[in-house]
Novice: 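Pasting in a structure now, in structure tokens, and then I'll have a few things to ask.
Owing to the predicted nature of the structure, the values given are computational and were not obtained by experimental measurement.
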Amino acid sequence: MIVQVGLGARAQKGGAVIIGIAIESGAPRLVLSTFLATAVEGDRLSLKPYHVAAVMDRGPQGGASEQARAAVAEGRKRQDGLAAAGLDELVRGLEQAGGKPVVAALLVNRAGWVTDLLDYSLAFAGHAPVAEGLAVRDAFRFAFARSGVELTEMDEKSLPERAPHLLRLESAEIEAGLKALGASAGRPWRKEQKLACLAAWTALAAG
């Protein structure tokens, strides 16, 4: 029997936490807990392209130079490729084990107003780390679109408040469920894993 699986993804610098959930007899079961990298060890361009661009010479008006834009474009291309390859391998592994990813939930925040990550990252030194995380998120948007798995986006700030309504459970029941799932996953089971797990759980239940 094919088991339907929901995936939850929480991006951060260097890759994303991915949690897979199945629902059996109305209860969530952990299928996988892993990290998909968007960077290769020793490759600064795939790890933090905006930091690389930030130390390059600026353009004539103080904006990003052509060299900086080219560096970011190459770094982002590498991130997209690594995210897509990692996700393809993950999906194949699930299918070989009898699972079928039917929906994925990508956690987002309220930084959607940023339209040009390079210009944003160059505006202030503190912006570059934010841009790196947003770039990884975009890499997984690309990867999920390429995989064909239905993708939904969930605001990570409001998700814990909305989950009781979405799952029709009390907050204490959800917390107990996440704790039990974490025990089966082992370490790490930090905030990132719990949020990705909750996203996967709610996305699958909604389907």
Novice: Out of curiosity, Arg78 CZ to Asp43 CG, how far, rounded to the nearest 0.5 Å?
Specialist: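 Nearest 0.5 Å value for the CZ-CG distance: 4.5 Å.
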Novice: Taking the hydrophobic residues Ile, Leu, Val, Met, Phe, Trp and Tyr, and joining any pair whose side-chain heavy atoms are under 4.5 Å apart, which ones share a cluster with Val40?
Specialist: Leu82
Novice: Below 4.5 Å, heavy atoms only, C-beta onward: do Glu132 and Pro49 meet side chain to side chain?
Specialist: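 They are in side-chain contact.
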Novice: Show every donor-acceptor pair shorter than 3.5 Å between a side-chain atom in residues 15-26 and any protein atom, with sequence neighbours excluded, or say none if there are none.
Specialist:
{"from": "Glu24", "atom 1": "OE1", "to": "Arg29", "atom 2": "NE", "distance (Å)": "3.2"}
{"from": "Glu24", "atom 1": "OE2", "to": "Arg29", "atom 2": "NE", "distance (Å)": "2.9"}
{"from": "Glu24", "atom 1": "OE2", "to": "Arg29", "atom 2": "NH2", "distance (Å)": "3.0"}

Novice: Counting only N and O atoms by type, is there a donor-acceptor contact under 3.5 Å from the side chain of Gln193 to the main-chain atoms of Arg190?
Specialist: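 It does hold such a pair.
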Novice: Between side-chain atoms of residues 168-180 and protein atoms elsewhere (two or more places apart, or another chain), which donor-acceptor pairs fall under 3.5 Å?
Specialist:
{"from": "Glu173", "atom 1": "OE1", "to": "Glu170", "atom 2": "N", "distance (Å)": "2.8"}
{"from": "Glu175", "atom 1": "OE2", "to": "Lys194", "atom 2": "NZ", "distance (Å)": "3.0"}

Novice: Would you mind writing out the side-chain donor-acceptor pairs for residues 1-14 within the sub-3.5 Å range, not counting sequence neighbours?
Specialist:
{"from": "Arg10", "atom 1": "NE", "to": "Glu156", "atom 2": "OE1", "distance (Å)": "3.3"}
{"from": "Arg10", "atom 1": "NH2", "to": "Glu156", "atom 2": "OE2", "distance (Å)": "3.2"}

Novice: If you define the side chain from C-beta out and look only at heavy atoms, does anything of Phe140 sit under 4.5 Å from Thr38?
Specialist: yes
Novice: Could you tell me whether a side-chain N or O of Gln79 sits under 3.5 Å from a main-chain N or O of Ser46, the two making a donor and an acceptor?
Specialist: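 Indeed, once roles are kept as given, a pair shorter than 3.5 Å links the two residues.
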Novice: Carefully, step by step, assess Asn109 and Arg137 under the rule side chain to side chain contact (heavy atoms under 4.5 Å, CB included).
Specialist: CA-CA 10 Å; Asn109 55 27; Arg137 185 184 300 164; 3.5 Å; yes
Novice: Show me, pair by pair, the donor-acceptor contacts under 3.5 angstrom made by side chains of residues 200-207, not counting sequence neighbours?
Specialist:
{"from": "Thr202", "atom 1": "OG1", "to": "Leu198", "atom 2": "O", "distance (Å)": "2.9"}
{"from": "Thr202", "atom 1": "OG1", "to": "Ala199", "atom 2": "O", "distance (Å)": "3.1"}

Novice: Going through the distances and angles, do Trp189 and Leu181 end up as a side chain to side chain contact (heavy atoms under 4.5 Å, CB included)?
Specialist: CA-CA 9 Å; Trp189 192 254; Leu181 291 166; 4.3 Å; yes
Novice: Check whether any side-chain heavy atom of Leu87 lies under 4.5 Å from a side-chain heavy atom of Val149, and answer yes or no.
Specialist: no
Novice: Is any side-chain heavy atom of Asp57 less than 4.5 Å from a side-chain heavy atom of Ser65?
Specialist: no
Novice: Could you list all the side-chain hydrogen bond (donor to acceptor under 3.5 Å, both in side chains) pairs where at least one residue sits in residues 80-101, not counting sequence neighbours?
Specialist: Arg76-Asp80, Asp88-Arg146
Novice: What's the spacing between Leu195 CG and Lys157 NZ if we round to 0.5 Å?
Specialist: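 Spacing of CG (Leu195) from NZ (Lys157) equals 9.0 Å.
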